[in-house]
Amino acid sequence: MLETIQQLEAIAKRLEPLPENRAEWNKEVQKYADNFLDDFNKHTTFVVSKDLGKPLLDFPIPENGKPIGEVLACLKENVDTPNLNPASGGHFGYIPGGGVFTTALGDYLAAVTNRYAGIFFACPGGVRMENLLLRWMCTMVGYPSNALGNLTSGGSIANLSAITTARDAKGIKARDVEKCVIYMTQQLHHCVQKSLRIAGMKECIIRYIPMDETFKMIPSHLKDQIKADQTSGLLPFMVFASAGTTDTGAIDPLAEIGEIANASDIWFHVDAAYGGFFMLSDSLKKAFKGVELSDSLAIDPHKGLFLSYGIGAILIKNTEALYETHHYTANYMQDAFTLDEDPSPADLSPELTKHFRGLRMWLSLQLMGVAPFRAALEEKVLLCNYFYEEVQKLGFTVGPVPDLSIAIFRYVPAHGDANAFNHQIVERLKEDGRVFLSSTTIEDTYWIRFAVLSFRTHLKEVQLALAILKELV
Ligand SMILES: *Cc1c(COP(=O)(O)O)cnc(C)c1O
């Protein structure tokens, strides 16, 4: 047996690379990353690909490791080349992502040290760090000092946590679901509908509250609808508002909605996944007046804080409610339960073992400070305003004046189907590849969206987009 153990050990020890192997892998990975970053002006934003990364399937998982050069070449060709490059400053589609370099350093350290940041007992510093970041965001929103939340993988899970917590806090049982009423506009992000289904609330009643011409909820309609539902014996349960819709960046009138929800004792949730971090700017924060009236709020550091994908947050006023929905104990965890000074993420989230995602955010804020983030956000709003003015000079029709950094626009040709014409523009932009824009349909009208949220988007990229649009029409 000892002989077998020793034979196995010799192979298993490859899992701990020797210092010289580690140095080589570090060097090659760093070179790959540096090439990616240094060559940014050589990259296009969209690369039309015939094989769509399919050769990856002919690169089998080996019994024994392959040389790093071969592996990275496969990655480059099949994963980092085809289709959208979301790290590009020419990315104006959907909600552009981030990818500030310090995210990678934080993840690298989190992965190497592999701290168990889900439980206070195991990593009190890591738990304090994540809670500190949550409290920092709570302060930005105007929540009281006992508010907290959870760092999630993204906005969808943040919205899901808000729904399950609200459901339990309001004592909604399975038998009540068909009488539960939820209020939103047609512009609310689709992940909320998905979350309602996951939360066992698919059969609830959804009231789509009419919007004004700028795609914002009309509060008087909300008030009337709640009253009507109360009168007919239904259970008005939850109001959703958007602080920056995905389609147009519109911010619902949060103060009016909050007052109505609070007066009727209805859970008020704000989806600020896209727009939330604009509150870092005092001048932009005015548009979020009343956000502090909400019970919970979803916000995405992988959008407005320009971090790489994989970090969102749910902020919640009633921390006990979040705990009630998510905590659990198990016999094999008995050593981990001590009288903690700070709540453990594992008690505030569906996750137990989790990525120490707070480190990437903390490291980024510590190394660079808040100033460049705030400046970038203010810059993006102005760039969007600039685009909104300039694109009209090219003959495009525009949607509402942007609240934040998203504008919608379309070209109405003298003859022919305008929707088809604009669809063609979007297709041609993809073929060109220098910039990427996506589209949406609002009440049967096809709009091209211009969303500025990449930290790499500056005046030059916006002017390039305008120049290409000019060529195309
Ligand atoms: C992006 C977005 C979401 C979903 O968040 P993910 O991080 O993609 O899961 C929800 N709501 C709004 C307004 C968004 O922009």
(request) May I ask you to decide if Ser308's main-chain N or O and Arg360's side chain share a donor-acceptor pair within less than 3.5 Å? (result) yes

(message) Do Asp247 and Ile408 have side chains that approach each other closer than 4.5 Å (heavy atoms only, starting at C-beta)?
(response) no

(request) Could you grab the distance from atom OG1 of Thr103 to atom CG of Leu305, nearest 0.5 Å is fine? (result) 8.5 Å

(request) Go through the steps for Phe356 and Glu130 under the test side-chain contact (heavy atoms from CB on, under 4.5 Å), then give the verdict. (result) CA-CA 8 Å; Phe356 180 17; Glu130 296 210 336; 3.4 Å; yes

(request) Side-chain contact test, heavy atoms from C-beta onward, threshold under 4.5 Å: evaluate it for Asp403 versus Phe278 and give yes or no. (result) no

(request) Supply the atom-to-atom distance Lys289 NZ to Ile251 CD1, rounded to the nearest 0.5 angstrom. (result) 12.5 Å

(request) Quick one: closest heavy-atom pair of Ile172 and Met201, and the distance? (result) CG2-CE, 4.0 Å

(request) Start with the C-alpha distance between Phe215 and Gln186, add both sets of side-chain angles, then the distance that settles side-chain contact (heavy atoms from CB on, under 4.5 Å), and finish with yes or no. (result) CA-CA 9 Å; Phe215 308 112; Gln186 290 277 9; over 6 Å; no

(request) Identify the two heavy atoms, one from Ile163 and one from Ala199, that lie closest to each other, and give their separation to 0.1 Å. (result) CG2-CB, 3.8 Å

(message) Looking only at the side chains, is there a donor atom on one of Ser195 and Asn159 sitting less than 3.5 Å from an acceptor on the other?
(response) no

(request) Spell out, as yes or no, whether a donor-acceptor pair under 3.5 Å connects the side chain of Ser88 to the backbone of Gly90. (result) yes

(request) Please round to the nearest 0.5 Å and tell me the distance separating atom CG of Leu363 and atom CE of Met368. (result) 8.5 Å

(message) Any heavy-atom pair between the side chains of Lys170 and Asp265 that's under 4.5 Å?
(response) yes

(message) Is the shortest side-chain heavy-atom distance between Ser294 and Tyr143 below 4.5 Å?
(response) yes

(request) Using modelled atom types only, decide if a donor and an acceptor are shared between the side chain of Thr164 and the backbone of Ser161 within a distance under 3.5 Å. (result) yes

(request) Take Lys393 and Glu390 through the test salt bridge (charged side-chain N to carboxylate O under 4.0 Å, His left out) and record every step on the way to the result. (result) CA-CA 5 Å; Lys393 295 181 192 163; Glu390 294 298 313; 2.9 Å; yes

(request) Answer whether the closest heavy-atom distance between the side chains of Gln30 and Asn26 falls below 4.5 Å. (result) no

(message) With a sphere of 6.0 Å drawn around CG of Asp38, does it hold more than 12 non-hydrogen atoms of other residues, nucleotides or ligands?
(response) yes

(message) So, applying ring-ring contact (aromatic ring centres under 6.0 Å, His included) with Tyr94, which one of Phe450, Tyr274, Phe436 is it?
(response) Phe436

(request) Taking only Lys NZ, Arg NE, NH1 and NH2, and the carboxylate oxygens of Asp or Glu, determine whether Arg128 and Glu341 approach each other closer than 4.0 Å. (result) yes

(request) With rounding to the nearest 0.5 Å, note down the distance linking CG in Leu151 to NZ in Lys354. (result) 6.0 Å

(request) Taking Tyr388 for its side chain and Gly399 for its backbone only, find out whether a donor-acceptor pair lies under 3.5 Å. (result) yes

(request) Check the pair Arg410, Phe396 against side-chain contact (heavy atoms from CB on, under 4.5 Å), reporting the backbone distance first and the verdict last. (result) CA-CA 6 Å; Arg410 65 201 300 264; Phe396 284 88; 5.7 Å; no

(message) For the CD1 atom of Ile260 and the OG atom of Ser220, what is their distance to the nearest 0.5 Å?
(response) 7.5 Å

(message) Could you tell me if the side chain of Met238 sits less than 4.5 Å from the side chain of Arg167, heavy atoms only?
(response) no

(request) Give a yes or no answer on whether the side chain of Lys303 reaches the backbone of Gly154 with a donor-acceptor pair at less than 3.5 Å. (result) no

(request) With side-chain contact (heavy atoms from CB on, under 4.5 Å) as the test, would you mind laying out the steps for Met137 and Met361 before giving the verdict? (result) CA-CA 12 Å; Met137 290 185 277; Met361 179 169 169; 3.9 Å; yes

(request) Scan residues 241-271 for pairs that pass ring pair (Phe, Tyr, Trp, His ring centres under 6.0 Å), counting only residues two or more places apart or in two chains. (result) Phe240-His269

(message) Donor-acceptor check, side chain of His458 to backbone of Lys460, threshold 3.5 angstrom: yes or no?
(response) no

(request) Please confirm whether the backbone N or O of Asp271 pairs with a side-chain atom of Ser242, one donor and one acceptor, at under 3.5 Å? (result) no

(message) Show the nearest heavy-atom pair for residues Glu431 and Val48, with the distance to one decimal.
(response) CA-CG2, 4.1 Å

(request) Check whether more than 12 heavy atoms from other residues, nucleotides or ligands sit under 6.0 Å from atom CH2 of Trp136, and answer yes or no. (result) yes

(message) Under a 3.5 Å distance rule, please check whether Asn85 uses its side chain to pair with a backbone N or O of Ala87 as donor and acceptor.
(response) yes

(request) Verify, without hydrogens or angle tests, whether Asn131 (side chain) and Pro343 (backbone) share a donor-acceptor contact under 3.5 angstrom. (result) yes

(request) Please name the pair of heavy atoms, one in Leu348 and one in Thr319, separated by the smallest distance, quoted to 0.1 Å. (result) CD2-O, 4.3 Å

(request) Verify whether the ring centers belonging to Phe409 and Phe387 lie closer than 6.0 Å. (result) yes

(message) Salt bridge check, Lys430 against Glu427: does any charged N sit closer than 4.0 Å to a carboxylate O?
(response) yes

(request) Give a yes or no answer on whether the side chain of Thr457 reaches the backbone of Leu453 with a donor-acceptor pair at less than 3.5 Å. (result) no

(request) Please examine the side chains of Lys194 and Ser156, heavy atoms only from C-beta on, and report whether any two atoms are closer than 4.5 Å. (result) no

(message) Please give me the minimum heavy-atom distance between Ala117 and Val127, naming the atom from each residue.
(response) O-CG2, 3.5 Å

(message) Is it the case that atom OH in Tyr108 sees more than 12 heavy atoms from other parts of the structure closer than 6.0 Å?
(response) no

(message) Can you give me the closest heavy-atom contact between Ser364 and Leu307, atom names plus distance?
(response) OG-CD2, 3.6 Å

(request) Calculate, to the nearest 0.5 Å, the distance between atoms OG1 and CG belonging to Thr246 and Leu188 respectively. (result) 8.5 Å

(request) For the residue pair Thr185 and Thr245, establish whether any side-chain heavy-atom pair is separated by less than 4.5 Å. (result) no

